[in-house]
Amino acid sequence: MNLRAAAVRRKPVADLITESDHGTLKRSLGLGQLTMLSIGATLGSGIFVVLGEAVPVAGPAVVLSFVLAGVTALFSALSYAELAGMIPVSGSSYSYAYATLGELVAWVCGWCLVLEYGVSVASVAVGWGQYLNELLRLTFGFAIPDALSQPPGSGGIVNVPAIVVVLLAMFLLLSGAKESARANAIMVVIKVGTLVLFCAIAFSAVRAANFTPFLPLGLAGLSAGAAKLFFSYIGFDAASTAGEEAKNPQRDLPRAILLSLAIVTVLYCLVAVAAVGALPWQEFDGQEAALSHVLGVVAGNPVWAGLLAVGAIVAISSVVLTVLYGQTRILFSMSRDGLVPASLSKVDPKSGTPRINTLVVSGFVATLAAFVPLGKLADATSIGTLFAFGLVNVAVLLLRKRQPEAPRSFRVPFSPVTPILGVLCCGYMMLSLDGATWIVFAGWMALGLLIYFGYSMRRSRLAAE
Ligand SMILES: NC(=[NH2+])NCCC[C@H](N)C(=O)O
């Protein structure tokens with residue numbers, strides 16, 4: 001087999017669109033639900049948990065770290081919006097890369113998406129367990145013992161809460177995309193409400209003194225904080241995994257992606273100002289559940305902290321649900337292309353969902369969350385995601401060149417400047433992540449290439465043609 005030819009073969013945009021038009025998934029999602037899907041996948045452990053890790057790195061300037069990370073996300077979001085409107089399939093950036101950069105890069109992109117979705121959802125499920133314990137401690141004065149709430153290596157045997165939340169999401173997904181979207185919408189309303197409540201309480205305790213010195217650790221701290229916080233923006237792209245289930249994908253996908261990012265950015269910045277304004281930044285060190293800690297101190301009444309913990313649990317549940325959803329749909333697309341086994345794109349006629357796929361993905365994620373210590377995982381997720389986002393920006397540039405006339409329901413303004421800035425920002429953020437993260441990433445990529453050359457390349461549907 002000609003390795004080079006395999007690696008660079010591309011799937012024509014027209015084929016992707018035809019496939020989407022004659023897809024087997026049910027079209028049931030409107031703009032509201034798509035926006036909720038993206039907010040659902042974005043707003044979660046980042047703001048509730050990772051904020052606590054970023055404040056010690058950036059100081060009060062964490063507010064600007066949020067802005068910087070948000071701008072990076074925005075460049076890529078614009079590119080996602082253009083491509084999602086143009087190629088409304090379920091494979092997200094994997095499919096965009098297949099149409100522009102060839103099969104090998106598409107595979108690499110898909111493999112990064114497994115980090116962004118499959119692996120990250122496992123770490124998110126672990127965060128869910130931490131908040132559950134916080135809540136139990138606050139309300140009943142006890143917590144699930146480490147043996148049953150931590151993986152081996154972190155002082156436990158199995159992480160039961162993580163398994164529970166993944167299984168709950170699995171059952172919802174099996175019942176249908178519409179049902180899942182409905183449940184998600186309710187959870188999104190609760191989580192946005194929770195953050196608004198947090199702001200209302202914390203703002204009353206804001207002291208100007210807490211903002212000085214604003215940059216205790218310098219600009220390096222600010223950008224390291226942004227790289228950490230980038231994790232909290234990941235997920236605005238989730239709507240692009242619903243291309244084949246959207247009622248009007250060309251119109252609604254770009255809107256959902258941009259709208260969700262706007263809402264999330266505003267909320268994050270408000271929460272960050274409120275949090276570091278209410279409490280001296282040094283006090284965030286070592287706080288696993290930063291926001292409830294803030295409320296606990298500020299309001300002095302454990303009820304608020306308890307409410308926040310409930311909000312966080314709901315918030316993170318919706319991340320688990322929507323990100324798990326995204327992973328199944330990306331694999332669905334890869335399976336239809338032959339790069340992963342065909343059973344993953346079989347659709348159950350009754351529920352209109354990929355059943356086997358959902359079971360396999362949930363099983364994998366639950367096992368990972370239950371038995372693997374996922375400490376370093378947020379950063380590893382970010383690096384893989386940044387890589388995929390970078391590729392999306394490149395794909396926009398290439399398609400503008402190769403198919404300038406093709407219909408686009410949304411166009412990135414100021415192209416090529418904006419997508420180029422997008423690539424640069426993603427690269428810069430990747431470089432801000434530490435060496436250990438790069439090693440994990442390199443190992444992950446090596447494994448991906450092994451699978452591609454050992455399996456996927458030969459099974460590819462394009463190989464048969
Ligand atoms: N593909 C994803 N949406 N991954 C999970 C992202 C995590 C989300 N941004 C959070 O802060 O919890």
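Atoms within a ligand are numbered from 1 in the order they appear, just like the ligands themselves.
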Subject >> Close-contact set for ligand 1 against Gly235 heavy atoms, below 4.0 Å >> reply: 3 (N)
Original post:
Taking both backbone and side-chain atoms of Phe231, is any N or O found less than 3.5 Å from an N or O belonging to ligand 1?
Top reply: yes
Subject >> atom 6 (C) of ligand 1: nearest protein contact (heavy atom, Å) >> reply: Ile234 O, 3.4 Å
Subject >> Distance filter under 4.0 Å to Ser45 heavy atoms, resulting ligand 1 atoms >> reply: 10 (C), 11 (O), 12 (O)
Original post:
Does atom CZ of Phe364 have more than 12 heavy-atom neighbours, drawn from other residues, nucleotides or ligands, at distances under 6.0 Å?
Top reply: yes
Subject >> side-chain hydrogen bond (donor to acceptor under 3.5 Å, both in side chains) partners for Ser20, two or more places apart >> reply: Arg27
Original post:
Nearest protein heavy-atom contact for atom 11 (O) of ligand 1: which residue, which atom, what distance?
Top reply: Gly46 N, 2.7 Å
**OP:** Provide, to 0.1 Å, the distance between atom 3 (N) of ligand 1 and the closest protein heavy atom, together with that atom's residue and name.
**Re:** Ala41 O, 3.0 Å
Original post:
Does the Trp111 side chain pair with the main chain of Trp444, one donor and one acceptor, at a distance under 3.5 Å?
Top reply: yes
**OP:** Just need the protein heavy atom nearest to atom 1 (N) of ligand 1, so name the residue and atom and give the distance.
**Re:** Glu116 O, 3.0 Å
Original post:
Where does Ser120 meet ligand 1, judged by heavy-atom distances below 4.0 Å: at the side chain, the backbone, both, or neither?
Top reply: side chain
Original post:
Parallel, tilted or perpendicular for Tyr268 and Phe66, by the 30°/60° rule?
Top reply: tilted
Subject >> Heavy atoms from other residues, nucleotides or ligands near CH2 of Trp281 exceed 12 (cutoff 6.0 Å) >> reply: yes
Original post:
Can we call the ring centroids of Phe389 and Phe75 under 6.0 Å apart?
Top reply: no
**OP:** Do me a favour and list the nearest non-hydrogen protein atom to atom 10 (C) of ligand 1 with residue, atom name and distance?
**Re:** Thr42 O, 3.2 Å
Original post:
Trp107 vs Tyr452 aromatic rings, parallel, tilted or perpendicular, using cut-offs 30° and 60°?
Top reply: tilted
